Amino acid sequence: MKQIITCAIAGLGNRGNDIYGNYQFVSPEEMKVTAVAEPQEEKREAARMRYGLPENRCFSSAEEMLAQPKLADVMVIATQDRQHVEQAVNAIKKGYHVLCEKPISPDPEECRRLQKAAHEYQRIVAVGHVLRYTPFYSKIKELIAGGAIGEVVSIQAMEQVTYWHQAHSYVRGNWRRTDETSPMILAKSCHDLDIFVWLLGKQCKKVSSYGGLYLFRPEKAPEGAAKRCLDGCLAKADCPYDAEKIYITNERTGIRTVVREGKTGDAAWPCCVLTPNDLSEAAVRKALKTGPYGRCVYACDNDVVDHQVVNMEFEDGITVDFQMTAFTGEGGRTIHICGTKGDIKGNLSKNKVILTQFGRTPVSFEVAEGDMSGHAGGDNRLNLLVKLQRELGLTYLFIAHDLSMVKHISYRVGVMYMGHIVELASSKELYANPQHPYTKALLSAIPIPNPEKEKNKVVLPLEEEVGSPINCGPGCRFASRCKYATERCKNKTPVLKEIEKEHFAACHLFD
């Protein structure tokens, strides 16, 4: 029987609750939340109901939860940045594996302390650098590793935070102050710094950086600006940072869109941060009148930068220049990687990668696959589960229609047609050497993230329509759709038999 991984969550904000906790409802056969810790009683009670927890599994702090006997396999640390290490180290000592939201800590010594504890107690520590797991960066990594552009010489990259995201998270929100959380380059752009190290497989040797807080200061306030956006601000009409525009009327971010489209959880971000348990216009208006998100952006206590440049020199003289800016209308990340034999250009928000090998026609890759929500698909936690599977020797039963994901996570694959297993083999063997006609047709339909290859691939057709799974009658259930079917197929049900070592198929072709 498969073993479900149990998780205790410390911190029920957007990441802890809407992203990591929500995985219980995406794949209930893999993960279950068994305990939560959150200082806000309203959030805690909502989580108790959501995850079906008893009251004695809901705590007011991570420390209170850690005082109990071990409650799960994994503890998710999704509290504020400066709380991460202490809580994570104590969780490790208690026997938990840890998923720590990024950044680990603004203090290098604390990062080393966590690393030492993980090694000493032989626990897994995963960090929420989810961009590594996106199809976008995975494709770029594949191209670099395969020598498509020769040796990498330089990288130019940019993170476009967007004007409203900066106002929400880094002026009005939880990450507005360096002394309470982390510097902007860690709080927002540690994803990018991690990606450079991962893509290159090399260490950074030199760093220079400069930036500043250009706009969101009292002296930049327009004439007539009020301390709160709903307090009769005279500058409201021309202010793009007006809280009513961002949280109520904006088609992309406002509560009216959330209500009209029935959005919940992370899909309702950023409104879900203001009123996680009441996604209504009345509740959002009330929060703007009294809470931090209704403050004028020129009258907050923020000090993190709104633009920054980082120049890096890696091993072998490779140079990287990175820019973060708040002043963009659309968000996303762009990257340009220059090598000795070609270059790669990518736009994360468009899930597009263009490879140009010198002297050849550029090749474009559309790199969207599966669920692309949440950091361009990177919030999918299957990679953590794969790691736990390997480390703990767990067995999963993973049922899906996404054949690329099945290949990624599964060691052994069974192909079913109308309730019957028609082929069974190791993942590597089945994808390389499919034997059953239905399996061959399935695999031929997998999208190829290369427009030229996708255009020229051969998809094996299936005959007729799917029959009734209730009134099947005798014979092979696939017979009506199989071009190889004979009278025997229609009258005698094939049995699963070993046609090669540990490779089974149910088909009369192999009788």
Side-chain angles (χ1 to χ4, degrees), residues 7-16 19-20 36-39 59-68 70 72-132 169-170 173-198 203-209 211 302-305 308 310 312 314 322 324 375 381 384 387-388 391:
C7 291
I9 302 176
L12 295 173
N14 176 244
R15 299 299 297 175
I19 300 297
Y20 300 126
V36 296
E38 167 58 46
F59 306 94
S60 61
S61 69
E63 289 71 25
E64 184 182 353
M65 183 161 65
L66 284 164
Q68 311 302 313
K70 184 184 172 189
D73 301 313
V74 177
M75 182 170 289
V76 175
I77 306 293
T79 51
Q80 285 297 300
D81 299 356
R82 293 181 182 272
Q83 297 176 296
H84 288 171
V85 170
E86 186 68 26
Q87 293 168 354
V89 168
N90 288 334
I92 286 170
K93 291 179 178 178
K94 204 81 175 184
Y96 292 97
H97 299 284
V98 170
L99 171 56
C100 184
E101 180 53 12
K102 60 82 187 171
I104 297 173
S105 170
D107 183 346
E109 288 304 317
E110 281 206 325
C111 296
R112 295 188 186 98
R113 178 187 172 203
L114 179 57
Q115 181 186 49
K116 181 180 178 181
H119 290 169
E120 182 178 349
Y121 288 86
Q122 297 184 336
R123 299 287 92 182
I124 297 169
V125 176
V127 183
H129 290 308
V130 295
L131 292 188
R132 289 189 179 199
S169 296
Y170 307 103
N174 291 335
W175 292 273
R176 68 191 183 277
R177 292 190 60 84
T178 298
D179 60 345
E180 293 181 0
T181 55
S182 299
M184 182 70 169
I185 201 67
L186 274 182
K188 187 72 178 80
S189 299
C190 64
H191 280 306
D192 305 273
L193 303 182
D194 174 70
I195 280 293
F196 302 140
V197 175
W198 182 67
Q203 295 299 308
C204 182
K205 309 300 289 185
K206 299 178 183 178
V207 178
S208 67
S209 181
N302 57 298
D303 66 1
V304 299
V305 302
Q308 186 167 354
V310 183
M312 293 157 273
F314 280 74
F322 169 71
M324 179 285 299
H375 286 92
R381 272 75 56 199
L384 171 62
K387 187 171 184 180
L388 286 172
E391 296 288 336

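Start at 1 with the first residue, then count along the sequence. Predicted model only: the values in this text are computed from it and were never measured.
Counting only heavy atoms from C-beta outward, the side chains of M184 and S189 never approach each other to under 4.5 Å. The closest side-chain heavy-atom distance from E110 to I104 is not below 4.5 Å. Looking at V207 and V310, their side chains come closer than 4.5 Å, going by heavy atoms from C-beta outward. Counting heavy atoms from C-beta outward, L114 and V125 have side chains that approach closer than 4.5 Å.
Considering CG of D107 and CG of D81, their distance stands at 12.5 Å, rounded to 0.5 Å. In this structure, OG on S61 lies 8.5 Å from CG on L66, to the nearest 0.5 angstrom. Distance check: K188 NZ to I185 CD1 gives 10.5 Å after rounding to the nearest 0.5 Å. To the nearest 0.5 Å, the span separating CZ on F322 from CG on D192 amounts to 3.5 Å. To the nearest 0.5 Å, atoms SG (C7) and CG (D73) are separated by 7.5 Å.
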Q | Full working for side chain to side chain contact (heavy atoms under 4.5 Å, CB included) between I77 and V98 | A | CA-CA 7 Å; I77 306 293; V98 170; 3.9 Å; yes
**Q.** Residues M65, M75; criterion side chain to side chain contact (heavy atoms under 4.5 Å, CB included); working and verdict
**A.** CA-CA 10 Å; M65 183 161 65; M75 182 170 289; 3.7 Å; yes
Q: Give the intermediate values and the outcome of side chain to side chain contact (heavy atoms under 4.5 Å, CB included) for residues F314 and Q203.
A: CA-CA 6 Å; F314 280 74; Q203 295 299 308; 5.7 Å; no
Q | Chi angles and distances behind the side chain to side chain contact (heavy atoms under 4.5 Å, CB included) call for V130, H191 | A | CA-CA 8 Å; V130 295; H191 280 306; 3.9 Å; yes
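Formation of a donor-acceptor pair under 3.5 Å by the H97 side chain with backbone atoms of I124 is found in this model. The main-chain N or O of E64 is found under 3.5 Å from a side-chain atom of Q68 such that the two form a donor-acceptor pair. Looking only at distances, a side-chain donor or acceptor of E38 sits under 3.5 Å from a matching main-chain atom of L12. Remark: the backbone N or O of M312 is not paired with any side-chain donor or acceptor of K206 at under 3.5 angstrom. Using modelled atom types, no side-chain atom of Q115 and backbone atom of C111 make a donor-acceptor pair closer than 3.5 Å. A side-chain donor-acceptor contact under 3.5 Å links N90 to the backbone of E86.
Side chain to side chain, Q80 and E180 fail the donor-acceptor criterion of an N or O pair below 3.5 Å. With hydrogens and angles left out, the side-chain atoms of Q87 and T79 include a donor and acceptor closer than 3.5 Å.
In terms of heavy-atom proximity, V85 sits nearest to S105 at CG2-CB, 3.7 Å. The shortest heavy-atom contact between V304 and S182 is CG1-O, 4.1 Å. Annotation for T181 and R177: closest pair OG1-O, 2.9 Å, computed over non-hydrogen atoms. Closest of all the heavy-atom pairs between M324 and V305 is CE-CG2, 3.9 Å. Listed here is the closest heavy atom pair of R123 and G95: NH1-O, 2.9 Å. The two atoms that bring K102 and C190 nearest to each other are CD-SG, 3.4 Å, heavy atoms only.
Between E109 and K116 there is no salt bridge, since no side-chain N of the basic residue sits under 4.0 Å from a carboxylate O of the acidic one. No salt bridge links D303 with R176; every basic N to acidic carboxylate O contact stays at or beyond 4.0 Å.
Between Y170 and W175, the ring-plane angle classifies as tilted under the 30° and 60° cut-offs.
Shown here are the salt bridge (Lys or Arg N to Asp or Glu O under 4.0 Å) partners of R82, two or more places apart in sequence or in another chain: there are none.
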